[in-house]
Structures are given as C-alpha cells and as structure tokens.
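Encoded as structure tokens, the structure appears first; notes follow it.
Atoms within each ligand, like the ligands themselves, are counted from 1 in listed order.
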Amino acid sequence: MSLPVAVVTGANRGIGRCVAEQLADLGYMVVIASRSLAQAQATVTELSSQERRFIAVQLDVTDQASVQALAGVLQERLGRVDVLINNAGVALDKFQSFESTSAAVFEQTLQVNTLGAFRVTQALLPMLRAAAAPRIVNVSSQLGSLERMTGLTVAYRASKAALNAVTRSVAHELADTSAKVNSVCPGWVATELGGMDAPTTPQEGARGIVWAATLPELGPTGGFFQEGTPLPW
Ligand SMILES: NC(=O)c1ccc[n+]([C@@H]2O[C@H](COP(=O)([O-])OP(=O)(O)OC[C@H]3O[C@@H](n4cnc5c(N)ncnc54)[C@H](OP(=O)(O)O)[C@@H]3O)[C@@H](O)[C@H]2O)c1
C-alpha cells in the first residue's frame, strides 16, 4: 500500500519545514510545496534520509494556476492526499498602526493568509474526501482571536480571523465525513516572520500542528488550538 500523503505549503523554511520533517518521521510521504521549486528541491535534499520520503513541488498560494497545477501533479504522481497543512503565511504589517496600514498591504495579506488556504483546500478537497482519515490544519495565530483582539497589525489579525472562519465553515461542511479540520496557533516562534526574540523554536511550534494533522477518529474538528489546548475564537 502507498504511504499516506501530507502536503505542507510554505515548507521551505520556518515552521512549515519542521512540520514536514516531523510528518516524514511519522511515515508520511511529505510534499514540500514552496514558491520556488529550487528551494523546495534544496529542502528535500537537506531533509531526506533512508527513512524519510519527500517530493518537491512549486506552489504560490496566491496564483490559481499554480494551485491547480499542484492538484494535477499530486493526482498524477501520488494519487492521494491525506493531510493538508495550510502553513504559507506573511506578516506584512507587523506592529503597524491602523492609520499607517495601506489597503494594498491588507489585500496582499488576505491573498496569502486567507485566500491561499481557501484556494489550496478547494483544489485538494476531492483527493482529501477520498482519503480514509482526512486532516486539514490551517496555521493560524492568537492574533486572529476576536476575543483577545487588540490594536496594531490589523491586516495580519484580520487575515487569521478570516482563516478561522474558513476552518469552522469547512469543518461544518465535512461534519458527516471522517475529516478533521482545525486551526492551530504555533505560539510565538523564532522564524523570519516571528523574529529571533521569540521564545519558541520552530520544532516546538510545529508540534501542535502535527498533533492536529494526526488526530484520531474521535479527535476534535472545527476547533482552534495551541499545543492541543483550545483557544478562544
Ligand atoms: N512565527 C510565529 O511567531 C508565528 C505565530 C503564529 C502563527 N504563525 C504562522 O505560521 C506560519 C508559518 O510562519 P513562519 O513563522 O514559519 O514564517 P516564515 O519563516 O516567514 O515562513 C513563511 C513561509 O510561507 C511561505 N510563503 C509566503 N508567501 C507565500 C506564497 N504566496 N505562496 C507560497 N508560500 C508562501 C514562505 O515562502 P518563501 O520562502 O518563498 O517566502 C515561507 O516558506 C504562517 O502562517 C504564520 O502566520 C507564525
């Protein structure tokens, strides 16, 4: 039987790369999806070992043609998708005030963080639906919690709040299937996006995402978690 397939977007660095590594160690064939095919290939070379299986695929989550091409390649080369990690993300307005945030930055943030996950999920859903235990993880952030909403960084916050809405809505539509669809905040993680002062390593941040990607049959769906603990919407 073929290995279960996990697709990780933005897997060439940061948290996505660590999620890919941890899922490969659990026996998944991991698709390293990256904006740059060369970087995806370099990541595969760096992470590969006798026990770990990866393939490299080009993916820009803002480009519908690229998303469709990903679906085509996966159907043709692997014929299945069991796990989707919508990890690709940007924070273009970090600590910026509402007044200094441009509509263009807001729009680009939504294109990557919200519509990116929407596009990839939609394109891979036929293969996910065919899987025995589909798992979709939307990598979100506490900054998108409406209950904890404060000022600054409005575009990023809104993009993650909207991503959480996508999580709940898709989870509802798949409620009568074996799928689990959840949002996960990895914590404040030391990456290019999080900055190097962050207290959590990418390996640690990846763990809660892998937890949601490998939930058992009776695990939760339509939730928002950090390290397996529910967060307020
Ligand atoms: N770090 C934190 O403290 C923190 C906290 C909460 C949530 N998160 C979330 O965790 C996720 C991963 O973040 P990270 O900290 O690992 O950031 P990172 O190191 O900056 O990595 C971001 C990844 O997203 C990719 N990406 C950006 N735009 C893309 C696009 N249009 N198409 C495809 N890939 C794209 C990047 O690819 P390139 O290399 O090509 O740019 C990169 O692989 C994000 O969704 C972020 O919002 C992070």
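- Polar contact check, Val189 against ligand 1: a nitrogen or oxygen pair lies under 3.5 Å apart.
- Residue-ligand proximity, Leu59 to ligand 1, at heavy-atom distances under 4.0 Å covers atoms 32 (N), 33 (C).
- Contact annotation for Asn113 and ligand 1: no heavy atom of the residue comes within less than 4.0 Å of the ligand.
- Considering only non-hydrogen protein atoms, atom 25 (C) of ligand 1 sits nearest to Gly10 CA, 3.8 Å.
- Ranking protein heavy atoms by distance to atom 15 (O) of ligand 1, first place goes to Thr191 OG1, 2.5 Å.
- At a 4.0 Å cut-off, not a single heavy atom of Ala33 sits close enough to ligand 1 to count as contact.
- Hydrophobic clustering of Ile, Leu, Val, Met, Phe, Trp and Tyr side chains at less than 4.5 Å, counting indirect connections, unites Leu143 with Leu193.
- Within the structure, ligand 1 has Gly187 among the residues with a heavy atom less than 4.0 angstrom away.
- Under the 4.0 angstrom criterion for non-hydrogen atoms, Pro186 is in contact with ligand 1.
- Put simply, the side chain of Asn182 gets close to the backbone of Pro220: a donor and an acceptor are under 3.5 Å apart.
- For Thr9, the heavy-atom gap to ligand 1 stays at 4.0 angstrom or more.
- Heavy atoms of Val112 found under 4.0 angstrom from ligand 1 belong exclusively to the side chain.
- Interface atoms of ligand 1 facing Asp60, defined by a heavy-atom separation under 4.0 Å, are 30 (C), 31 (N), 32 (N).
- Two residues are said to be in side-chain contact when any heavy atoms from C-beta on lie closer than 4.5 Å; Asp82 and Val7 fail this criterion.
- A 6.0 Å sphere centred on CD of Glu46 holds more than 12 heavy atoms belonging to other residues, nucleotides or ligands.
- Ligand 1 is approached by Lys160 to a heavy-atom distance shorter than 4.0 Å.
- For ligand 1, the polar-atom distance check finds an N/O of Tyr156 within less than 3.5 Å of one of the ligand's N/O atoms.
- Environment of CD in Glu227: sparse, with no more than 12 heavy atoms of neighbouring residues, nucleotides or ligands closer than 6.0 Å.
- Applying the ring-ring contact (aromatic ring centres under 6.0 Å, His included) rule to Phe224 yields the partners Trp233; only residues at least two apart in sequence or on another chain are considered.
- Checked against a 3.5 angstrom limit, the closest N/O atoms of Val61 and ligand 1 fall inside it.
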